[in-house]
> 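First, the structure itself, so that you have it in front of you.
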Amino acid sequence: METMGRHVISELWGCDFEKLNDMQGIEETFVQAALKSGAEIREVAFHKFAPQGVSGVVIISESHLTIHSFPEHGYASIDVYTCGDLDPNIAADYIAEALGAQTRENIELPRGMGPVQVKPAQVKVL
């Protein structure tokens with residue numbers, strides 16, 4: 001099955017408050033995740049909210065990695081979208097482990113194949 005891209009959407013629960021509230025740490029994690037997946041980084045932009053939370057994006061030649069963190073809930077929503085031969089799960093797995101996620105709900109969507117068909121979430125206890 002050939003696609004234009006693969007999009008991993010992850011719900012990360014039970015993450016460490018401090019890690020979810022550390023903009024510099026999250027930025028470093030996302031840059032490393034992109035590099036580990038073999039991506040070519042183009043731009044990096046992250047923002048720290050008051051009193052807590054971080055949102056950010058790493059733009060890669062192959063698409064993007066994003067996060068919105070909610071430290072007060074131990075929750076982060078991330079997505080990793082890659083085109084070509086890159087496996088977005090490499091980056092998504094690295095991010096989940098780095099943020100200390102205890103539970104992860106994961107959906108992977110093939111992109112560019114016509115109507116989107118969402119399969120049931122896969123839950124991982126990390």
Side-chain angles (χ1 to χ4, degrees):
M1 175 185 325
E2 208 165 301
T3 67
M4 291 180 152
R6 296 166 64 190
H7 196 160
V8 171
I9 299 167
S10 291
E11 304 280 283
L12 306 180
W13 294 98
C15 299
D16 179 85
F17 179 95
E18 295 302 324
K19 289 180 180 180
L20 290 181
N21 206 37
D22 178 2
M23 186 182 78
Q24 183 176 347
I26 289 175
E27 182 175 325
E28 290 169 4
T29 295
F30 270 66
V31 166
Q32 284 304 309
L35 294 173
K36 286 184 180 296
S37 71
E40 181 179 348
I41 296 172
R42 293 296 180 174
E43 291 187 42
V44 176
F46 283 81
H47 177 79
K48 174 85 165 61
F49 293 95
Q52 68 250 342
V54 175
S55 288
V57 61
V58 174
I59 306 283
I60 56 177
S61 294
E62 302 80 8
S63 200
H64 68 268
L65 295 79
T66 65
I67 185 170
H68 301 284
S69 78
F70 301 83
E72 69 276 23
H73 299 290
Y75 168 75
S77 61
I78 68 166
D79 71 71
V80 180
Y81 180 17
T82 61
C83 297
D85 295 329
L86 297 186
D87 182 353
N89 291 290
I90 293 170
D93 291 345
Y94 179 84
I95 293 165
E97 186 174 319
L99 295 179
Q102 294 176 10
T103 304
R104 174 180 171 196
E105 296 175 350
N106 198 53
I107 297 171
E108 181 175 336
L109 301 171
R111 302 297 299 268
M113 291 186 59
V116 174
Q117 296 180 1
V118 178
K119 296 178 183 174
Q122 301 169 356
V123 178
K124 288 185 182 179
V125 178
L126 302 174

> Please report the closest heavy-atom contact between A39 and L86, naming both atoms and the distance.
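Smallest heavy-atom distance, with atoms named: CA-CD1, 3.7 Å.
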
> Indicate, with yes or no, if L35 and L99 share a hydrophobic cluster defined by side-chain heavy-atom contacts under 4.5 Å among Ile, Leu, Val, Met, Phe, Trp and Tyr.
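L99 and L35: one cluster.
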
> Considering all heavy atoms of both residues, which atom of F46 and which atom of G56 are nearest to each other, and what is their separation?
CD2-CA, 3.4 Å

> Using side-chain hydrogen bond (donor to acceptor under 3.5 Å, both in side chains) as the criterion, list what pairs up with Q32, not counting sequence neighbours.
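Q32: no side-chain hydrogen bond (donor to acceptor under 3.5 Å, both in side chains) contacts found.
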
> Testing the basics here: between A96 and R104, what is the closest heavy-atom pair and its distance to 0.1 Å?
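Here A96 and R104 meet closest at CB-CD, 4.0 Å.
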
> Show which side-chain atoms of residues 15-23 pair as donor or acceptor with protein atoms under 3.5 Å away, not counting sequence neighbours.
{"from": "D16", "atom 1": "OD2", "to": "E18", "atom 2": "N", "distance (Å)": "3.0"}
{"from": "D16", "atom 1": "OD2", "to": "K19", "atom 2": "N", "distance (Å)": "2.9"}
{"from": "K19", "atom 1": "NZ", "to": "A98", "atom 2": "O", "distance (Å)": "3.4"}
{"from": "N21", "atom 1": "OD1", "to": "K48", "atom 2": "NZ", "distance (Å)": "3.1"}
{"from": "N21", "atom 1": "OD1", "to": "G53", "atom 2": "N", "distance (Å)": "2.8"}
{"from": "D22", "atom 1": "OD1", "to": "Q24", "atom 2": "N", "distance (Å)": "3.3"}
{"from": "D22", "atom 1": "OD1", "to": "G25", "atom 2": "N", "distance (Å)": "3.0"}

> Taking P88's backbone N and O only, do any of them form a donor-acceptor pair with S37's side chain (distance below 3.5 Å, no angle check)?
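Checking the backbone N and O of P88 against the side chain of S37, no donor-acceptor pair under 3.5 Å is found.
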
> What I'd like to find out is whether the side chain of F30 reaches to under 4.5 Å of the side chain of T66, using heavy atoms alone.
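No, too far: nothing below the 4.5 Å cut-off.
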
> Give the cluster check for I26 versus F49: same hydrophobic cluster or not, with ILVMFWY residues linked at side-chain heavy-atom distances below 4.5 Å.
no

> Hey, mind stepping through R6 and T82 against side chain to side chain donor-acceptor pair (under 3.5 Å) and telling me if it holds?
CA-CA 6 Å; R6 296 166 64 190; T82 61; 5.9 Å; no

> Aromatic rings F70 and H73: how do their planes relate, parallel, tilted or perpendicular, breaks at 30° and 60°?
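Aromatic pair F70/H73 classed tilted.
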
> So do the side chains of S61 and R42 get within less than 4.5 Å of each other, counting heavy atoms only?
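Yes, at least one pair of side-chain atoms sits under 4.5 Å.
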
> Using the rule given for side-chain contact (heavy atoms from CB on, under 4.5 Å), can you reason through N106 versus N89, listing the C-alpha separation, both sets of side-chain angles and the distance that settles it, and then say yes or no?
CA-CA 10 Å; N106 198 53; N89 291 290; 3.8 Å; yes

> Could you check whether the rings of Y81 and H64 sit parallel, tilted or perpendicular, using 30° and 60° as the cut-offs?
perpendicular

> Out of curiosity, I60 CD1 to E43 CD, how far, rounded to the nearest 0.5 Å?
13.0 Å

> Do I67 and T29 pass the side-chain contact (heavy atoms from CB on, under 4.5 Å) test, and can you show the C-alpha distance, the side-chain angles, and the key distance before you say yes or no?
CA-CA 11 Å; I67 185 170; T29 295; over 6 Å; no

> Using only atom types and a distance under 3.5 Å, with no angle test, would you say the side chain of E62 pairs donor to acceptor with the backbone of E40?
yes

> Once rounded to the nearest 0.5 Å, what's the spacing between atom CD1 of I95 and atom CD1 of I78?
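If we round to the nearest 0.5 Å, I95:CD1 and I78:CD1 are 4.5 Å apart.
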
> Can you tell me how far apart CD (E105) and OG (S77) are? Round to the nearest 0.5 Å.
12.0 Å

> Does the pair H68 and S55 meet the rule for a side-chain contact (heavy atoms from CB on, under 4.5 Å), with working shown?
CA-CA 4 Å; H68 301 284; S55 288; 2.7 Å; yes

> What about V31 and L65, same hydrophobic cluster or not, with Ile/Leu/Val/Met/Phe/Trp/Tyr joined at side-chain heavy-atom distances under 4.5 Å?
yes

